[in-house]
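Reminder, nothing fancy here: chain letters follow the sequence lines and each chain counts from 1.
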Number of protein chains: 2
Amino acid sequence: MAGKAEERKQQLIKAAFEAATDKGYEHVTLQDIADYAEVSKGVPNYYFKNKGDVFAHLFEWLTERIFENESAAVDQVETAPEKLQAYLDQVFISPEENRTFYQLYLDFLARIKQDPAYQKINAAFYEHCFSIGRMIVEQGVRDGDFHVHDVEQTAVMIRAMIDGTLLQWLTRQEEDLHGWYRTSCHQGILRLVGAQ
Amino acid sequence: MAGKAEERKQQLIKAAFEAATDKGYEHVTLQDIADYAEVSKGVPNYYFKNKGDVFAHLFEWLTERIFENESAAVDQVETAPEKLQAYLDQVFISPEENRTFYQLYLDFLARIKQDPAYQKINAAFYEHCFSIGRMIVEQGVRDGDFHVHDVEQTAVMIRAMIDGTLLQWLTRQEEDLHGWYRTSCHQGILRLVGAQ
DNA sequence: ATAAATATTTTGACCGGTCAGTATAATTTT
DNA sequence: AAAATTATACTGACCGGTCAAAATATTTAT
């Protein structure tokens, strides 16, 4: 059945994710993916065009999952400042959880230039992120909590702030900075949106 | 001579840089480096421990060059707002020049986790960047142009803003966004530093 | 219901090719 | 000539992708 094949694909994507978090994206071989999924070497090639195709699907899965988590977090509170807080709490959910996800995301970012498929997936992810930011800013302006000239620009800058902060936190492997980066990012964004 | 060996190393690093901008970091082989330097295959291994060592030196060279350019730009003007402007003009100097440098930088960032040597080089680069930001913010506060509570935090957030913006611009390969990102980043930072 | 036929999925050996690193020979420099 | 440098050939490991055969599931025929 088609459902069965889809399940297998999901299993392989999950295996690729685990292999990548263990060994680092670039060192993952088709054999690794098969091993982690507990199937034989030929299986990944049976369900996917090639290795890159597996990773493209993983990238898609990863960005969709990040977006869904962020989106769900924002939806659970009412006011714009609360939504912003919830958004950032989700982005900086915990050092352990963040690290695997965003390290892998960074691996993909570095390869976007080479692969149009990655580019497309990332464009969709950005659009999703911008939509969260736009929604929060619009509501904040409407409620008089925020003050901005250009909602779209602000939404884009909010994501730039988040990505830049996460990037720094990831690449400075110093201890304990996680909480500091979360509050710094929060305060920075509050300034971006002209909160009082 | 020691100077001669240093020159050769520089030639090889330059070759690695050109090969990487042409073919993409991950596809560069030792043979490529030799070819671009117009020497034979054995030479890179004679002057460097191994391939990773060549790239570590390239990373160092790259980040130092970025920092020097930014630093020089800032030094050419007087006031804090002017320095900020000059800083960003240098960061967003032109789509073509930026793209090769920052694409390669992004490649390195993705590999920091795997390689302590890369991590160290990047830590030094960040420290340099923060020092530029700190200096501008301190002067701005002193002159009454800027208003911030925490200079250090602001310096770090300025770089996060820059990196996040560059990252977005790089990965959204849409045309013409370069100028828009420059002004957006500028306006965002002006809010971060409490200008007006 | 059972057997036979067919379709799908899985296996793992294998191939072609790449590449980092090595060893040694040739060349240049001192 | 001795040392340093460069050129070239080679090695061994690795890996992506293929494929024929085996195993399993599904359908059809009796």
Side-chain angles (χ1 to χ4, degrees), chain A residues 1-60 104 107-108 110-111 114-118, chain B residues 1-60 104 107-108 110-111 114-118:
Chain A
M1 289 282 111
K4 189 64 181 293
E6 212 48 52
E7 207 173 299
R8 250 289 187 269
K9 283 189 179 187
Q10 208 52 42
Q11 178 192 10
L12 290 164
I13 290 168
K14 187 92 181 296
F17 174 67
E18 280 160 8
T21 56
D22 282 357
K23 325 184 72 170
Y25 174 99
E26 71 195 311
H27 296 117
V28 174
T29 66
L30 283 170
Q31 185 69 64
D32 289 326
I33 297 171
D35 289 347
Y36 273 77
E38 292 181 314
V39 294
S40 71
K41 160 112 193 261
V43 172
N45 275 309
Y46 182 77
Y47 287 98
F48 294 94
K49 280 212 311 288
N50 48 40
K51 189 182 168 185
D53 193 31
V54 181
F55 282 111
H57 281 83
L58 171 53
F59 190 19
E60 202 164 22
L104 190 50
D107 283 326
F108 284 122
R111 278 158 189 85
Q114 318 285 341
D115 192 332
Y118 286 14
Chain B
M1 293 268 115
K4 189 66 181 292
E6 213 48 51
E7 208 174 300
R8 251 291 186 266
K9 281 189 181 190
Q10 209 51 43
Q11 178 191 8
L12 289 163
I13 290 168
K14 188 93 182 295
F17 173 68
E18 280 159 10
T21 57
D22 282 358
K23 324 183 72 168
Y25 174 98
E26 69 196 313
H27 296 117
V28 175
T29 68
L30 283 170
Q31 185 69 64
D32 289 327
I33 296 171
D35 289 347
Y36 274 76
E38 292 181 313
V39 294
S40 70
K41 161 112 191 259
V43 173
N45 274 312
Y46 182 76
Y47 287 99
F48 294 95
K49 278 211 313 286
N50 49 39
K51 189 182 168 185
D53 193 33
V54 181
F55 281 111
H57 281 82
L58 171 53
F59 190 18
E60 204 164 20
L104 191 51
D107 283 326
F108 284 122
R111 277 161 188 85
Q114 318 284 341
D115 193 332
Y118 286 13

Please pick, from [options], the nucleotide with the shortest atom-to-atom distance to any side-chain atom of [X].
{"X": "K41(B)", "options": "dA20(C), dG17(D), dT11(C)", "answer": "dA20(C)"}
{"X": "N45(A)", "options": "dG17(D), dG21(C), dT6(D)", "answer": "dG17(D)"}
{"X": "S40(B)", "options": "dT22(C), dC14(C), dT6(D)", "answer": "dT6(D)"}
{"X": "V39(A)", "options": "dG21(C), dT11(C), dT9(C)", "answer": "dT11(C)"}
{"X": "T29(B)", "options": "dG17(D), dC19(C), dT5(D)", "answer": "dC19(C)"}
{"X": "V43(B)", "options": "dT18(D), dG21(C), dA7(D)", "answer": "dA7(D)"}

Give one of base, sugar-phosphate or nothing for V28(A), where a contact means two heavy atoms less than 4.0 Å apart.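 V28(A): backbone/sugar contact only, no base atoms under 4.0 Å.
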Could you tell me whether Y47(B) contacts a base, only the sugar-phosphate backbone, or nothing, with contacts defined as non-hydrogen atoms closer than 4.0 Å? sugar-phosphate
I'd like to know whether L104(B) forms a side-chain contact (heavy atoms from CB on, under 4.5 Å) with F108(B), so could you lay out the CA-CA distance, the side-chain angles of the two residues, the decisive distance to 0.1 Å, and finally the verdict. CA-CA 6 Å; L104(B) 191 51; F108(B) 284 122; 3.7 Å; yes
How long is the line joining [atom1] of [X] and [atom2] of [N], in whole Å?
{"X": "Q31(B)", "N": "dG17(C)", "atom1": "CD", "atom2": "C1'", "value": "15 Å"}
{"X": "H27(A)", "N": "dC15(D)", "atom1": "NE2", "atom2": "C1'", "value": "13 Å"}
{"X": "K51(A)", "N": "dG16(D)", "atom1": "NZ", "atom2": "P", "value": "4 Å"}
{"X": "E26(A)", "N": "dC19(C)", "atom1": "CD", "atom2": "P", "value": "15 Å"}
{"X": "L30(B)", "N": "dG12(D)", "atom1": "CG", "atom2": "P", "value": "19 Å"}
{"X": "Y46(A)", "N": "dA22(D)", "atom1": "OH", "atom2": "P", "value": "18 Å"}
{"X": "E38(B)", "N": "dT6(D)", "atom1": "CD", "atom2": "C1'", "value": "14 Å"}
{"X": "D35(B)", "N": "dT18(C)", "atom1": "CG", "atom2": "P", "value": "14 Å"}

Rounded to the nearest 0.5 Å, what's the gap from OH on Y118(B) to CD on E60(B)? Could you check?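 Interatomic distance, Y118(B) OH to E60(B) CD, rounded to 0.5 Å: 11.5 Å.
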As a quick check of understanding, evaluate side-chain contact (heavy atoms from CB on, under 4.5 Å) for L12(B) and Y36(B), giving each step before the final call. CA-CA 8 Å; L12(B) 289 163; Y36(B) 274 76; over 6 Å; no
Would you say the side-chain atoms of D32(B) pair up with the backbone N or O of T29(B), donor to acceptor, closer than 3.5 Å?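 Yes, because the side chain of D32(B) sits within donor-acceptor range (under 3.5 Å) of the backbone of T29(B).
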For the pair R111(B) and Q114(B), evaluate side-chain hydrogen bond (donor to acceptor under 3.5 Å, both in side chains) and give the outcome as yes or no after the intermediate values. CA-CA 6 Å; R111(B) 277 161 188 85; Q114(B) 318 284 341; over 6 Å; no
